[in-house]
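To keep things clear, I will list the structure first and then write my remarks on it.
Just follow the structure's listing: the first ligand is 1, and inside any ligand the first atom is 1. When reading the values below, keep in mind they use all heavy atoms of this one structure, side chains included, and skip hydrogens, waters and symmetry mates.
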Amino acid sequence: MAYDNILVETNGRVGVITLNRPKALNALNGELIAELGRALDAFEADAGIGCIILTGSERAFAAGADIKEMQPLAFPATYTDDFITSWERLSRCRKPVVAAVAGYALGGGCEIAMMCDIILAADNARFGQPEIQLGILPGAGGSQRLTRAIGKAKAMEMCLTGRTLTAEEADRYGLVSRVVPLAELRAEAMKVAETIAGLSLPSVMMAKESVNRAFETTLAEGIRFERRLFQALFATADQKEGMAAFAEKRGASFQNR
Ligand code: CAA
(Lines give C-alpha, C1' and ligand atoms only; values in the text may rest on other atoms or scores of the structure.)
Protein backbone atom coordinates (compact mmCIF):
# COMPACT_ATOMS: atom_id res chain seq x y z
CA MET A 1 0.00 0.00 0.00
CA ALA A 2 1.34 3.46 -0.88
CA TYR A 3 1.46 6.19 1.74
CA ASP A 4 2.58 9.82 1.38
CA ASN A 5 2.35 11.04 4.97
CA ILE A 6 3.36 8.04 7.05
CA LEU A 7 5.96 5.29 6.89
CA VAL A 8 4.79 1.75 7.54
CA GLU A 9 7.06 -1.17 8.31
CA THR A 10 6.99 -4.45 10.16
CA ASN A 11 9.57 -5.99 12.46
CA GLY A 12 8.58 -9.58 13.23
CA ARG A 13 5.18 -9.39 14.93
CA VAL A 14 5.44 -5.62 15.50
CA GLY A 15 3.94 -3.12 13.07
CA VAL A 16 5.49 0.36 13.08
CA ILE A 17 3.72 3.49 11.84
CA THR A 18 5.87 6.64 11.65
CA LEU A 19 4.17 9.98 11.10
CA ASN A 20 6.14 11.58 8.30
CA ARG A 21 5.38 15.18 7.38
CA PRO A 22 8.69 16.59 8.62
CA LYS A 23 8.30 20.06 7.08
CA ALA A 24 5.04 20.59 8.99
CA LEU A 25 6.24 18.94 12.24
CA ASN A 26 3.88 16.05 11.43
CA ALA A 27 0.80 18.29 11.53
CA LEU A 28 -2.18 15.98 11.17
CA ASN A 29 -4.06 16.74 7.98
CA GLY A 30 -6.99 14.80 6.54
CA GLU A 31 -4.81 12.79 4.20
CA LEU A 32 -2.49 11.67 7.01
CA ILE A 33 -5.39 10.65 9.24
CA ALA A 34 -6.92 8.63 6.37
CA GLU A 35 -3.57 6.91 5.78
CA LEU A 36 -3.21 6.18 9.49
CA GLY A 37 -6.65 4.56 9.41
CA ARG A 38 -5.70 2.40 6.42
CA ALA A 39 -2.43 1.32 8.06
CA LEU A 40 -4.29 0.37 11.25
CA ASP A 41 -6.87 -1.58 9.21
CA ALA A 42 -4.04 -3.52 7.54
CA PHE A 43 -2.21 -4.32 10.79
CA GLU A 44 -5.44 -5.33 12.52
CA ALA A 45 -6.30 -7.70 9.66
CA ASP A 46 -2.81 -9.24 9.70
CA ALA A 47 -2.69 -12.26 12.02
CA GLY A 48 1.11 -11.92 12.03
CA ILE A 49 0.96 -8.60 13.89
CA GLY A 50 0.59 -8.62 17.69
CA CYS A 51 1.42 -5.03 18.60
CA ILE A 52 1.70 -1.66 16.85
CA ILE A 53 4.07 1.25 17.51
CA LEU A 54 3.02 4.78 16.58
CA THR A 55 5.85 7.28 16.45
CA GLY A 56 7.05 10.50 14.80
CA SER A 57 10.40 12.21 14.40
CA GLU A 58 12.92 13.28 17.04
CA ARG A 59 11.64 16.86 16.76
CA ALA A 60 7.92 16.19 16.67
CA PHE A 61 5.57 13.33 17.37
CA ALA A 62 2.91 15.67 15.94
CA ALA A 63 2.39 19.42 16.40
CA GLY A 64 -1.38 19.05 16.22
CA ALA A 65 -4.13 19.15 13.65
CA ASP A 66 -3.08 20.98 10.49
CA ILE A 67 -3.96 24.58 11.31
CA LYS A 68 -3.60 25.74 7.70
CA GLU A 69 -6.06 23.09 6.55
CA MET A 70 -8.51 24.00 9.31
CA GLN A 71 -8.28 27.77 8.90
CA PRO A 72 -10.94 28.12 6.13
CA LEU A 73 -13.40 25.66 7.67
CA ALA A 74 -16.83 26.91 8.69
CA PHE A 75 -19.29 25.31 11.08
CA PRO A 76 -21.80 23.75 8.64
CA ALA A 77 -19.09 21.69 6.93
CA THR A 78 -17.38 20.69 10.17
CA TYR A 79 -20.79 19.40 11.28
CA THR A 80 -21.97 17.71 8.08
CA ASP A 81 -18.54 16.13 7.51
CA ASP A 82 -18.32 15.27 11.23
CA PHE A 83 -14.83 16.78 11.34
CA ILE A 84 -12.36 14.94 13.61
CA THR A 85 -14.58 11.90 14.22
CA SER A 86 -12.51 9.83 11.75
CA TRP A 87 -9.53 10.33 14.10
CA GLU A 88 -11.25 8.02 16.57
CA ARG A 89 -10.24 5.04 14.38
CA LEU A 90 -7.05 4.88 16.46
CA SER A 91 -8.97 4.62 19.73
CA ARG A 92 -10.98 1.74 18.25
CA CYS A 93 -7.88 -0.28 17.40
CA ARG A 94 -8.31 -3.63 19.17
CA LYS A 95 -4.65 -4.56 19.06
CA PRO A 96 -2.36 -2.75 21.50
CA VAL A 97 -0.68 0.44 20.32
CA VAL A 98 2.49 1.86 21.92
CA ALA A 99 3.09 5.58 21.32
CA ALA A 100 6.80 6.45 21.17
CA VAL A 101 6.77 10.21 21.64
CA ALA A 102 9.73 12.52 21.04
CA GLY A 103 9.56 16.29 20.65
CA TYR A 104 6.24 18.08 20.30
CA ALA A 105 3.00 16.24 21.08
CA LEU A 106 0.67 19.22 20.92
CA GLY A 107 -3.06 19.53 20.37
CA GLY A 108 -4.12 16.64 18.17
CA GLY A 109 -0.62 15.19 18.62
CA CYS A 110 -1.17 14.87 22.37
CA GLU A 111 -4.66 13.56 21.69
CA ILE A 112 -3.56 10.75 19.38
CA ALA A 113 -0.82 9.80 21.86
CA MET A 114 -3.55 9.52 24.50
CA MET A 115 -5.60 7.25 22.19
CA CYS A 116 -2.71 4.77 22.37
CA ASP A 117 -2.41 2.23 25.18
CA ILE A 118 1.09 2.94 26.44
CA ILE A 119 2.99 6.21 26.01
CA LEU A 120 6.78 6.05 26.16
CA ALA A 121 8.24 9.55 26.19
CA ALA A 122 11.71 10.64 25.15
CA ASP A 123 13.31 13.13 27.51
CA ASN A 124 12.74 15.93 24.97
CA ALA A 125 8.99 15.27 24.66
CA ARG A 126 6.56 18.15 25.25
CA PHE A 127 2.85 17.56 25.78
CA GLY A 128 0.22 20.25 25.48
CA GLN A 129 -3.27 21.28 24.42
CA PRO A 130 -2.63 24.76 22.99
CA GLU A 131 -5.91 24.94 21.02
CA ILE A 132 -7.19 27.69 23.33
CA GLN A 133 -4.55 29.99 21.82
CA LEU A 134 -6.23 29.47 18.42
CA GLY A 135 -9.70 30.33 19.65
CA ILE A 136 -10.85 26.70 19.77
CA LEU A 137 -10.61 23.83 22.25
CA PRO A 138 -9.21 20.29 22.01
CA GLY A 139 -11.31 18.48 19.41
CA ALA A 140 -10.04 14.90 19.41
CA GLY A 141 -10.92 13.96 22.96
CA GLY A 142 -8.21 15.97 24.72
CA SER A 143 -10.44 17.62 27.31
CA GLN A 144 -11.76 14.17 28.25
CA ARG A 145 -8.77 11.83 28.01
CA LEU A 146 -6.34 14.34 29.55
CA THR A 147 -8.69 14.95 32.49
CA ARG A 148 -9.05 11.23 33.10
CA ALA A 149 -5.28 10.78 32.83
CA ILE A 150 -4.01 13.61 35.04
CA GLY A 151 -7.07 14.97 36.87
CA LYS A 152 -9.08 18.15 36.65
CA ALA A 153 -6.64 20.62 38.23
CA LYS A 154 -3.78 19.93 35.88
CA ALA A 155 -5.92 19.30 32.78
CA MET A 156 -7.83 22.53 33.35
CA GLU A 157 -4.66 24.59 33.53
CA MET A 158 -3.35 23.00 30.33
CA CYS A 159 -6.62 23.41 28.41
CA LEU A 160 -7.30 26.96 29.63
CA THR A 161 -3.80 28.39 29.22
CA GLY A 162 -2.12 26.10 26.69
CA ARG A 163 0.77 25.40 29.06
CA THR A 164 2.92 22.51 27.86
CA LEU A 165 4.36 19.78 30.06
CA THR A 166 7.93 18.57 29.99
CA ALA A 167 8.47 14.83 29.73
CA GLU A 168 9.40 14.77 33.41
CA GLU A 169 6.14 16.52 34.38
CA ALA A 170 4.12 14.22 32.12
CA ASP A 171 5.73 11.26 33.88
CA ARG A 172 5.06 12.67 37.35
CA TYR A 173 1.42 13.43 36.45
CA GLY A 174 0.82 9.91 35.13
CA LEU A 175 0.29 10.88 31.48
CA VAL A 176 3.11 8.63 30.25
CA SER A 177 4.27 5.24 31.42
CA ARG A 178 7.92 6.31 31.55
CA VAL A 179 10.62 8.59 30.15
CA VAL A 180 13.68 7.30 28.32
CA PRO A 181 16.67 9.05 26.75
CA LEU A 182 15.83 10.24 23.22
CA ALA A 183 18.48 8.00 21.67
CA GLU A 184 16.88 4.94 23.25
CA LEU A 185 13.22 5.70 22.49
CA ARG A 186 12.75 3.53 19.41
CA ALA A 187 14.64 0.57 20.88
CA GLU A 188 12.70 0.78 24.16
CA ALA A 189 9.39 1.01 22.32
CA MET A 190 10.38 -2.00 20.22
CA LYS A 191 11.28 -3.95 23.38
CA VAL A 192 7.86 -3.21 24.92
CA ALA A 193 6.03 -4.01 21.67
CA GLU A 194 7.98 -7.25 21.13
CA THR A 195 7.18 -8.34 24.67
CA ILE A 196 3.46 -7.77 24.07
CA ALA A 197 3.55 -9.31 20.59
CA GLY A 198 5.16 -12.47 22.03
CA LEU A 199 2.25 -13.06 24.40
CA SER A 200 -1.11 -14.66 23.70
CA LEU A 201 -3.03 -12.27 21.43
CA PRO A 202 -6.51 -13.10 22.82
CA SER A 203 -5.35 -12.42 26.39
CA VAL A 204 -3.58 -9.22 25.32
CA MET A 205 -6.62 -7.94 23.43
CA MET A 206 -8.95 -8.82 26.30
CA ALA A 207 -6.66 -7.16 28.85
CA LYS A 208 -6.71 -3.98 26.73
CA GLU A 209 -10.48 -4.14 26.43
CA SER A 210 -10.86 -4.71 30.15
CA VAL A 211 -8.60 -1.83 31.22
CA ASN A 212 -10.41 0.50 28.80
CA ARG A 213 -13.75 -0.59 30.25
CA ALA A 214 -12.66 1.01 33.54
CA PHE A 215 -13.15 4.42 31.91
CA GLU A 216 -16.68 3.68 30.77
CA THR A 217 -18.49 1.86 33.53
CA THR A 218 -19.04 1.40 37.25
CA LEU A 219 -16.59 -0.64 39.33
CA ALA A 220 -19.10 -3.48 39.81
CA GLU A 221 -19.89 -3.69 36.08
CA GLY A 222 -16.22 -3.42 35.17
CA ILE A 223 -15.35 -6.28 37.50
CA ARG A 224 -18.17 -8.44 36.06
CA PHE A 225 -16.83 -7.69 32.57
CA GLU A 226 -13.28 -8.57 33.61
CA ARG A 227 -14.47 -11.80 35.29
CA ARG A 228 -16.22 -13.01 32.12
CA LEU A 229 -13.15 -12.34 29.97
CA PHE A 230 -10.95 -14.02 32.57
CA GLN A 231 -13.16 -17.11 32.53
CA ALA A 232 -13.33 -17.11 28.72
CA LEU A 233 -9.55 -17.28 28.42
CA PHE A 234 -9.65 -20.75 29.98
CA ALA A 235 -11.07 -21.88 26.61
CA THR A 236 -7.84 -20.97 24.81
CA ALA A 237 -4.93 -23.23 23.89
CA ASP A 238 -2.64 -20.45 25.10
CA GLN A 239 -3.96 -20.70 28.67
CA LYS A 240 -3.13 -24.43 28.62
CA GLU A 241 0.31 -23.72 27.20
CA GLY A 242 1.09 -20.78 29.53
CA MET A 243 0.24 -22.73 32.66
CA ALA A 244 1.88 -25.97 31.48
CA ALA A 245 5.05 -24.03 30.69
CA PHE A 246 5.08 -22.56 34.20
CA ALA A 247 4.60 -26.01 35.80
CA GLU A 248 7.29 -27.54 33.58
CA LYS A 249 9.71 -24.65 34.28
CA ARG A 250 10.12 -23.70 30.60
CA GLY A 251 9.26 -20.73 28.44
CA ALA A 252 5.75 -20.62 26.96
CA SER A 253 5.25 -20.86 23.24
CA PHE A 254 1.93 -19.21 22.47
CA GLN A 255 -0.11 -20.02 19.36
CA ASN A 256 -2.08 -16.79 19.66
CA ARG A 257 -5.44 -18.52 19.75
N1 CAA B 1 -0.45 22.92 11.55
C2 CAA B 1 0.12 23.29 10.39
N3 CAA B 1 1.42 23.58 10.26
C4 CAA B 1 2.19 23.48 11.36
C5 CAA B 1 1.65 23.09 12.60
C6 CAA B 1 0.27 22.80 12.68
N7 CAA B 1 -0.32 22.36 13.80
N8 CAA B 1 2.66 23.10 13.51
C9 CAA B 1 3.77 23.47 12.85
N10 CAA B 1 3.49 23.69 11.56
C11 CAA B 1 4.40 24.13 10.50
C12 CAA B 1 4.73 25.61 10.63
O13 CAA B 1 3.72 26.40 10.03
C14 CAA B 1 6.06 25.68 9.88
O15 CAA B 1 5.78 25.64 8.51
P16 CAA B 1 6.53 26.71 7.52
O17 CAA B 1 7.97 26.28 7.62
O18 CAA B 1 5.93 26.42 6.19
O19 CAA B 1 6.29 28.05 8.06
C20 CAA B 1 6.71 24.34 10.23
O21 CAA B 1 5.66 23.49 10.66
C22 CAA B 1 7.72 24.45 11.36
O23 CAA B 1 7.07 25.07 12.46
P24 CAA B 1 7.65 26.37 13.21
O25 CAA B 1 8.47 27.20 12.28
O26 CAA B 1 6.51 27.04 13.91
O27 CAA B 1 8.63 25.66 14.24
P28 CAA B 1 9.06 26.20 15.68
O29 CAA B 1 10.15 25.27 16.13
O30 CAA B 1 9.34 27.66 15.66
O31 CAA B 1 7.77 25.97 16.62
C32 CAA B 1 5.88 24.77 17.49
C33 CAA B 1 7.29 24.69 16.87
C34 CAA B 1 5.95 25.41 18.89
C35 CAA B 1 5.35 23.35 17.61
C36 CAA B 1 4.96 25.62 16.58
O37 CAA B 1 5.07 25.13 15.24
C38 CAA B 1 3.50 25.58 16.95
O39 CAA B 1 3.12 26.25 17.89
N40 CAA B 1 2.68 24.81 16.22
C41 CAA B 1 1.25 24.76 16.42
C42 CAA B 1 0.89 23.96 17.66
C43 CAA B 1 -0.61 23.96 17.87
O44 CAA B 1 -1.24 24.98 18.07
N45 CAA B 1 -1.24 22.76 17.82
C46 CAA B 1 -2.65 22.60 17.98
C47 CAA B 1 -3.33 22.58 16.65
S48 CAA B 1 -5.10 22.61 16.77
C49 CAA B 1 -5.57 21.00 17.08
O50 CAA B 1 -4.75 20.12 17.21
C51 CAA B 1 -7.06 20.77 17.16
C52 CAA B 1 -7.43 19.46 17.74
O53 CAA B 1 -7.62 19.34 18.92
C54 CAA B 1 -7.61 18.29 16.89
Side-chain angles (χ1 to χ4, degrees), residues 3-7 17-37 39-40 54-93 97 99-116 119 121-150 152 154-170 175-176 182 185:
Y3 299 102
D4 296 324
N5 301 277
I6 59 175
L7 304 173
I17 302 173
T18 305
L19 306 175
N20 188 36
R21 289 188 74 205
K23 287 187 188 143
L25 300 183
N26 293 334
L28 304 160
N29 63 7
E31 230 178 81
L32 184 153
I33 293 294
E35 289 182 7
L36 177 59
L40 291 170
L54 180 62
T55 192
S57 69
E58 292 197 347
R59 190 168 166 221
F61 178 71
D66 190 315
I67 298 168
K68 294 164 192 167
E69 190 181 65
M70 284 188 293
Q71 191 182 357
L73 294 183
F75 171 69
T78 60
Y79 180 76
T80 52
D81 298 348
D82 207 6
F83 179 49
I84 296 286
T85 296
S86 61
W87 293 39
E88 289 290 334
R89 170 67 186 86
L90 177 57
S91 65
R92 288 196 311 276
C93 186
V97 184
V101 177
Y104 297 111
L106 301 179
C110 186
E111 290 170 303
I112 62 168
M114 291 190 291
M115 289 180 202
C116 298
I119 304 179
D123 46 18
N124 76 336
R126 295 287 178 277
F127 297 86
Q129 299 290 163
E131 290 90 343
I132 204 77
Q133 292 161 358
L134 299 168
I136 56 170
L137 84 163
S143 66
Q144 304 303 299
R145 290 195 179 91
L146 187 66
T147 306
R148 281 167 167 76
I150 67 174
K152 174 180 166 179
K154 290 177 165 50
M156 198 63 100
E157 188 191 359
M158 288 175 70
C159 290
L160 293 187
T161 69
R163 182 172 98 80
T164 59
L165 302 182
T166 62
E168 188 275 320
E169 283 175 306
L175 181 60
V176 304
L182 173 60
L185 179 68

Spacing of CZ belonging to Arg148 relative to CG belonging to Leu175, to within rounding of 0.5 Å =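 Rounded to the nearest 0.5 Å, the CZ-CG separation comes out at 14.5 Å.
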
Nearest to [atom], what protein heavy atom do you find, and at what distance?
atom: atom 31 (O) of ligand 1; result: Tyr104 OH, 4.3 Å
atom: atom 1 (N) of ligand 1; result: Ile67 N, 2.9 Å
atom: atom 38 (C) of ligand 1; result: Leu106 CD1, 4.8 Å
atom: atom 37 (O) of ligand 1; result: Leu25 CD1, 3.8 Å

For ligand 1, which atoms have a heavy atom of [X] less than 4.0 angstrom away?
X: Ile84; answer: 54 (C)
X: Pro138; answer: 53 (O)
X: Gly108; answer: 49 (C), 50 (O)
X: Leu134; answer: 44 (O), 47 (C), 48 (S)
X: Lys68; answer: 12 (C), 13 (O), 15 (O), 16 (P), 18 (O)
X: Glu111; answer: 52 (C), 53 (O), 54 (C)
X: Gly139; answer: 52 (C), 53 (O)
X: Met70; answer: 48 (S)

In terms of side-chain heavy atoms, does Glu88 have a donor or acceptor partner in Ser91 at a distance below 3.5 Å?
->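 Checked: Glu88/Ser91 side chains pair up, N/O donor to acceptor below 3.5 Å.
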
Distance only, no hydrogens: is a donor on one side chain within 3.5 Å (strictly under) of an acceptor on the other, for Asn5 and Glu31?
->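 Asn5 vs Glu31: donor-acceptor pair found between side chains.
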
Any Lys23 heavy atom less than 4.0 Å from ligand 1 |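 Within the 4.0 Å threshold, so yes.
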
Among the heavy atoms of Ala24, does any lie under 4.0 Å from an atom of ligand 1?
->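 Per 4.0 Å heavy-atom rule, Ala24 contacts ligand 1.
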
Taking side chain as C-beta onward, heavy atoms only, is [X] less than 4.5 Å from [Y]?
X: Leu146; Y: Cys159; answer: yes
X: Leu106; Y: Phe127; answer: no
X: Ile112; Y: Leu54; answer: yes
X: Ile17; Y: Leu7; answer: no

Relative to atom 46 (C) of ligand 1, which among Ala27, Ala60, Gly103, Gly107 owns the nearest non-hydrogen atom?
->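 Nearest heavy atom to atom 46 (C) of ligand 1 lies in Gly107.
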
Nearest neighbour of atom 51 (C) of ligand 1 from the list Glu131, Arg126, Gln129, on a heavy-atom basis |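 Comparing heavy atoms across Glu131, Arg126, Gln129, the nearest one to atom 51 (C) of ligand 1 lies in Glu131.
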
Tell me which part of [X] gets within contact of ligand 1: side chain, backbone, both or neither, using heavy atoms under 4.0 Å.
X: Ala63; value: both
X: Arg59; value: side chain
X: Leu28; value: neither

Considering non-hydrogen atoms only, spot the tightest contact between Met70 and Ala65 and give its length.
->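 The answer is CE-CB, 3.6 Å.
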
So, for atom 27 (O) of ligand 1, does the protein have a heavy atom nearer than 4.0 Å?
->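 For atom 27 (O) of ligand 1 the answer is yes, since some protein heavy atom falls inside 4.0 Å.
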
Would you confirm whether Glu111, through its side chain, and Gly142, through its main-chain N or O, come within 3.5 Å as a donor-acceptor pair?
->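 Such a contact is found between Glu111 side chain and Gly142 backbone.
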
Is it true that a side-chain atom of Glu169 and a backbone atom of Thr166 form a donor plus acceptor pair closer than 3.5 Å?
->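 At least one qualifying donor-acceptor pair exists.
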
Please walk me through it: do Asp66 and Arg21 pass salt bridge (Lys or Arg N to Asp or Glu O under 4.0 Å)?
-> CA-CA 11 Å; Asp66 190 315; Arg21 289 188 74 205; 2.8 Å; yes

Neighbour count above 12 (heavy atom, 6.0 Å) for Glu58 CD |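 12 or below, so no.
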
